[in-house]
Amino acid sequence: MEENEYDFRRLEAKWAPIWESERPFDVNDSEVAADAPRKYILDMFPYPSGDLHMGHAEVYALGDVLARYWRLRGHTVLHPIGWDSFGLPAENAAIKRGVDPREWTYDNIAQQRASMKRYAASFDWSRVLHTSDPEYYKWNQWLFLQMFDKGLAYRKDSWVNWDPVDQTVLANEQVLPDGTSERSGAMVVKKKLTQWYFRITDYAERLLNDLDRLEGAWPAKVLTMQRNWIGKSVGAEVAFAIEGSDRTIPVFTTRPDTLFGATFMVVAPDADLASELVSEADAATRLEFQNYLTDVQKKTEIERQDATREKTGVFLGRYAINPVNGERLPIYAADYVLADYGFGAIMAVPAHDQRDLDFARTFGLPVRVVVQPAGDDIVDPAESGTPITGDGPHVNSGPLDGLNKADAIAAMIEVLEANGTGSAKTTYRLRDWLISRQRFWGTPIPIIHGADGAEIPVPEADLPVLLPSTEGLDLKPKGSSPLGGATEWVSVADPRDGSPALRDADTMDTFVDSSWYFLRFLSANDPTKAFDVEAVRQWAPVDQYVGGVEHAILHLLYARFITKVLHDLGYLDFDEPFESLLNQGMVILDGAKMSKSKGNIVFFGDEIDKFGVDAVRLTMAFAGPPEDDIDWADVSVTGSHKFLARAWRVAHDVASAAGTNPAGGSAGLRRVTHRFLADVNGLVESYKFNVVIARLMDLVNHVRKEIDSGAGAADPAVREAAEVVALALSMFAPHAAEDMWEVLGHERFVGLQTFPVSDPSLLTETSVVAIVQINGKVKERLEVSPDISDEDLRAAALAAPAIVSALADASPKTVIVKAPKFVNIVL
RNA sequence: GCCCCAAUAGCCCAACCGGCAGAGGCAGACGACUUAAAAUCGUCACAGUCAGGGUUCGAAUCCCUGUUGGGGCACCA
């Protein structure tokens, strides 16, 4: 192929080695001026399973647009990349093939890294990290110890989510709404196990409140999902005495004002409380309860969550005492009450709660109305089956009678507090983050268990606790960590006195790894600390984060949490990690998600081979708004390729010398060029990459026209336009843009240039077309000066022959004038 | 069931504070170049904005109702 034809293969072969050796996008902190404007642009790092796919192609194309944009705006941009390389797929692959997970992982990383280089994203390759490197996970262990020290990492015995396929526990966040594992797809079962937790619930209120600060900078959808997940609810805690017992049952309610309407009490069958209460009942009741509990535990999550199914439960043979009126309330166990929310027990107010009403109607329990909204058609809930949930004056409620809901709630809390039987209380749906996993390929938990049961942190000097060799180790999931089988590794001396002790054999959830990696990038090669506080001060928080919405809750919530913890520990002076967030959509095909089983996969490598890196990247950005899915069947990579060829040819046609003063060039073309410059910032910053490209195409069309039929290739305005095209195109198609820049006679690198400033004096038109309407219908177009006054335009419109004849002798009622564009004559 | 978002040309998508529905692309038709084709260049056509109602001098844009599609939540006391 000749050198004057656009050939993406030649351009890729030419520029890749130059970028590789010159490293234009590496950031050396010692060379960045203290007052240089900086941007930290971060793309979610990949998990190394196989080669890159089209989803990666999209994130890294879009992230790179933003990174390159900020360089064009004169910022020093940090744009790092690494690999999230611990995790189950490596381990499962290793088991299947009998190899070390390390091998599988680092082979995949090598492959992805090569593809990533070929993709020419402007990454700083000097800061690459892999979370499975001891140099990285050492600091994971350090983080764990910091949290352990503050009581934020702890072990407890609890019902946990167990994935029977992967044979490990899961965090709540990893269980899908249908009760399956987001990893293996298996139906998750509950198991009672002792596990490590991070105390994220301590941060629930801040995690919720600080979402307000992200309003507008994060997608509204993500904010909503996080708010839902945290699930704050405000109400009161009420203690019920139990007849024949010294203990009380605390319950949480959002409606303490309805306490006089409580007619029974329900505890979760799988809560310890239920067993405790029933233990003193008669044998028949105990047996009935046992059978019920067994039934409940056999239910899948889907069955259990079906709100439409008939309420079930058993009477426990015990009574609670209503603290405000002394009434005896029978206590039931029923599975519509959850063991791990609130206190695992509720007061039931059937008149005002659908679930309680359903239960009461099934079991023939009394229903007492205590809120009576105005209106004749209020039917007894016991009859209608519909509870009264609206506001209204309270009745049958002693001191609360006549009060509305808000006042009654406040009054009731006062009563409870005065009696010492309750208080205001807020609960959250969010539970503590279960971080231990019974698998090999993760960060070992740096704890030693003494013979006396003490949990002893591994001394910081002994970090990292390295994963043992897989030699002779059975990685097959068997319900306990494979590390437990590494006898030599597990057996250690107690740091306190040298007596025999055991290492904790579990590894950490890989979401721990990714919860702080953005900090590690800032000093990725520093062996002495997790992150450098000075570098953090310079770069963090992340200005722009780019990645998939599938991490809306998990990763983003955890990263926010860990950031706040590190803030509180004094390491960070900010407490939100990501200032703004862009969620890109998915790449799909023919309306469906690509999947191996459906065989509708578009392969990254194939597309790049066929059309070139630039065309694929351009297509990703041009397809539509970034948050929308891209149907690969709807886009034209060929079209992108054609445009790149067209743009590239324009640079070749330019006949003026580099440095030519554009003044005096075609005013029309200069106006288009400067309009583009005036608009490009706002467009990129509002993520309208597709519009930027459309405008760029428009600009190229104008230059083409100018070259072919206007003032010609020597017009300095043509050079000016071609240079702007090269600069702007560098955000999307770096090879083509870099080559254009060279052809235009400039020193490399186009990606390190800055946009010229738009000259406002070039933007104004010499004349504009004003439309004249009569009753909203366009009747005439007038060519007028752009700075015409309302009065002059009005006069011109009324004097226009077409208007005069259209009006005949009708006289206008109103004339609305918006100079210089618009006149509407209303009759 | 509840909440949120969307719907513009055959297709992907633009349209600022309400002011001529079109920036760009794909697909299409025609023409130039060519022995021919590809490539390239040029020209053209195509919708009245999901439906119905309202506000307004004027609505794709604001409000209401509905339809369709997408997403989130859902026995959380």
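Chain naming here is simple, since letters A, B, ... match the order of the sequence lines and numbering starts at 1 in each.
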Self-check item: Side chain Arg675(A), main chain Leu763(A), donor-acceptor under 3.5 Å
Solution: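 Present.
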Under 3.5 Å, is there a donor-acceptor pair between the side chain of Asp653(A) and the main chain of Ala713(A)?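 The answer is no, because no donor-acceptor pair under 3.5 Å joins these two groups.
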**OP:** Name the orientation of the base relative to the sugar in rC17(B): syn if the glycosidic angle is within 90° of 0, else anti.
**Re:**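 Chi for rC17(B) falls in the syn range.
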*Is rG48(B) syn or is it anti, if syn means the base angle is within 90 degrees of 0?*
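Syn, angle within 90° of zero.
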For the rings on Phe622(A) and Phe643(A), is their centre-to-centre separation under 6.0 Å?
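No - the distance between ring centres of Phe622(A) and Phe643(A) does not fall below the 6.0 Å cut-off.
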Closest to the [X] side chain: [options]?
X	options	answer
Pro625(A)	rC13(B), rG19(B), rA77(B)	rC13(B)
Thr253(A)	rC11(B), rC41(B), rA77(B)	rA77(B)
Val769(A)	rG24(B), rC20(B), rC57(B)	rC20(B)
Arg649(A)	rC13(B), rC73(B), rU40(B)	rU40(B)
Arg646(A)	rC26(B), rG42(B), rC73(B)	rG42(B)
Arg429(A)	rA77(B), rA74(B), rC20(B)	rA74(B)
Val826(A)	rG72(B), rC20(B), rC57(B)	rC57(B)

**OP:** Go ahead and name the base partner of rC50(B); Watson-Crick or wobble counts if both distances stay under 3.5 Å, otherwise write none.
**Re:**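 Pairing partner, where one exists within any strand: rG66(B).
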- Task: Tell me the partner of rU34(B), counting only Watson-Crick (N1-N3 plus N6-O4 or O6-N4) or G-U wobble (N1-O2 and O6-N3) with both under 3.5 Å; none if nothing fits.
- Result: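 When the pairing criteria are applied, nothing turns out to pair with rU34(B), so the answer is none.
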Is a donor-acceptor pair below 3.5 Å formed from side chain [X] to base [N], judging by atom type as modelled?
X	N	value
Lys221(A)	rC5(B)	no
Arg704(A)	rC41(B)	no
Asn228(A)	rC73(B)	no

* Which sits closer to the 5' end of RNA chain B, Met697(A) or Asp629(A), going by the nucleotide each is nearest to? ->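 Residue closer to the 5' terminus by nearest nucleotide: Asp629(A).
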>> If you assign each of Lys705(A) and Phe622(A) to its closest nucleotide in RNA chain B, which residue comes earlier from the 5' end?
In response: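 Upstream on the strand: Phe622(A).
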| field | Nearest-0.5 Å distance, OH of residue Tyr428(A) to OH of residue Tyr341(A) | value |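 Answer rounded to 0.5 Å: 10.0 Å.
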| Without hydrogens or angle criteria, can the side chains of Gln226(A) and Trp218(A) be said to hold a donor-acceptor pair below 3.5 Å? |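 The criterion, which ignores hydrogens and geometry beyond distance, is not satisfied for Trp218(A) and Gln226(A).
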